[in-house]
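For this chain, numbers begin at 1 and follow the sequence in order. Both counts, for ligands and for their atoms, begin at 1 and track the order of listing. Computed from a predicted structure; not experimentally measured.
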Amino acid sequence: MNIFEELESEVRSYSRGWPVVFDRAQGSRVFDEDGKAYLDFFAGAGALNYGHNNPVLKQALLDYIQRDGITHALDMFTVAKKNFLETFKEKILEPRDLDYKIVFPGPGGANAVEAALKLARKVTGKESVINFTNAFHGMTLGALSVTGNSMKRGGAGVPLVHATPMPYDAYFDGQYPDFLYFERLLEDSGSGLNEPAAVIVEGVQGEGGINAASLAWLKGLADLCAKHGILLIFDDVQMGCGRTGPFFSFEDAGIKPDIVCLSKSIGGYGLPMALTLIKPELDVWEPGEHNGTFRGISPAFVTATEALRTYWSDDELEKSTKAKGERIAAAFTDIVKAYPEANLVAKGRGLARGIEFESGELAGKVCAAAFERGLLMETAGPDGEVMKLLPPLTVTDDEITEGLKIIDESIATVLK
Ligand code: PLP
């Protein structure tokens, strides 16, 4: 038995699909302790949009550490935080005409979600929140209460309350008009629906199975929220920071959510960092009413700032992400056509792509076959039935060719 199996809790998960010991990483490539290379099409579940150990970000981090830049500073004013805030304002908020104040809610995505839910309830004085089928918002109790997956919900150990699920886009395969049920419940004083403080939504459901809501559906949701005075919380933890092309996955829908959750790739380098963006009029917190020890890890501010400067000063990354995504989508459409009996479905937007199989077992076998051939990808969806691709946005065309070849071979091995 190795030290991991001996000491690490059974709760570990990714190490089960990829049972090797990783050591080094660079760009889209990770290496195990024996030096074997793997192409990483999972990118830290979306935390490594700019690749592993991105050299530009690494240099900024090394310089900062070398000059004894402060590492831990609670929520005190620091040069690292100042530079981040100025850069975020200049590169992200102002060009998109977005007016948000920034909460540093703690290091992870679930922290960003908890802050959003708490604030929405405080502002409105209502406790009920609308979430969507197959949503994933994190593993803390508030975030779990708005998450769909029954296995994960089961882990809570207490009732998960004050959330009402509604059908996400295409839940009924387009058989009913969008929001038919939701709108009826809102408008019927006899429906029994508790008046919601907020709606929480993902633009593309990552963990839920790469379900991409149409832009029209997202716009319709924003309009519905505005009409009924419901706050719109947009969870861009996994699909933000350029994953679908634009910096925010809601931009192409032309909406401006009331609250936005960001984490994963916002730190740029895989360092823990999260933000909850709130419309200024929602900033009703008392000082210290929501705080914590790790709410601004200065090295993450440094790499976050460098990532914004390097990749978000123009629209090159957005364009290349969309183009690479279209290339993968075309390859996936060919695969779907090549196996008419297998009822595959190609899914996604930008560089969040997936193929749905008839069972979790099949998708799992494909990912295992890919791992044997040196490619890391994961499954998603309620039964793990979707083979999910989240390559770094900096992935090269040659690496895409290499990855697609492995995917072709792996699917052929499993389906033939
Ligand atoms: N929200 C979304 C949309 C996510 O995909 C995730 C994680 O996958 C989270 C929240 C939770 O983030 P974390 O695991 O950093 O708590």
Side-chain angles (χ1 to χ4, degrees), residues 11-14 42-49 103-118 120 129 131-149 151-153 155-156 160 163 165 168-169 198-213 218 221 232-244 247-250 257 259-277 292 294-297 300 304 347-354 377-382 384 386 388-390:
V11 80
R12 66 189 171 80
S13 60
Y14 296 114
F42 192 54
L48 293 161
N49 283 4
V103 178
F104 296 103
N111 299 113
V113 169
E114 293 291 342
L117 296 174
K118 229 167 127 172
V129 171
N131 60 318
F132 289 100
T133 48
N134 289 307
F136 183 82
H137 297 291
M139 301 296 275
T140 51
L141 289 183
L144 257 190
S145 74
V146 287
T147 287
N149 187 291
M151 186 272 275
K152 302 212 190 279
R153 289 178 69 87
L160 294 172
Y168 193 66
D169 191 17
V199 164
I200 183 163
V201 69
E202 298 154 271
V204 178
Q205 294 181 324
E207 302 304 301
I210 308 290
N211 307 318
L218 291 173
L221 179 63
L232 179 60
I233 303 172
F234 206 97
D235 181 349
D236 233 2
V237 164
Q238 186 161 147
M239 295 301 152
C241 304
R243 174 54 57 190
T244 67
F247 186 82
F248 295 107
S249 72
F250 56 78
I259 304 181
V260 181
C261 303
L262 282 178
S263 184
K264 292 202 191 264
S265 279
I266 186 63
Y269 201 69
L271 293 170
M273 179 167 167
L275 306 178
T276 308
L277 311 179
F294 292 104
R295 285 186 303 145
I297 301 168
K347 312 173 87 176
R349 173 171 304 135
L351 274 174
R353 292 285 163 183
M377 3 175 240
E378 249 296 328
T379 56
V386 177
K388 171 180 175 184
L389 240 69
L390 296 178

Numbering as shown, the atoms of ligand 1 that approach G108 to under 4.0 Å (heavy-atom distance): 15 (O)
Atom indices of ligand 1, in the order listed, that fall short of 4.0 Å to a heavy atom of E202: 3 (C)
[Y] backbone acceptor or donor facing [X] side chain under 3.5 Å:
X	Y	result
R349	N211	no
S145	L160	no
R153	L144	yes
K152	T147	no

Give me the nearest non-hydrogen protein atom to [atom] as residue plus atom name, then the distance to 0.1 Å.
atom	result
atom 1 (N) of ligand 1	D235 OD2, 2.6 Å
atom 4 (C) of ligand 1	F136 CD2, 3.7 Å
atom 10 (C) of ligand 1	H137 O, 3.2 Å
atom 12 (O) of ligand 1	G109 CA, 3.2 Å
atom 5 (O) of ligand 1	Q238 NE2, 2.8 Å

Per-atom contact, atom 8 (O) of ligand 1, protein heavy atoms, under 4.0 angstrom: yes
Under 3.5 Å: N/O of A110 near N/O of ligand 1: yes
Residues forming a side chain to side chain donor-acceptor pair (under 3.5 Å) with Q238, sequence neighbours excluded: E207, K388
K264 to ligand 1, any heavy atom closer than 4.0 Å: yes
V129 vs V199 side-chain heavy atoms within contact, under 4.5 Å: no
Test of ring centre spacing under 6.0 Å for F42 and Y14: yes
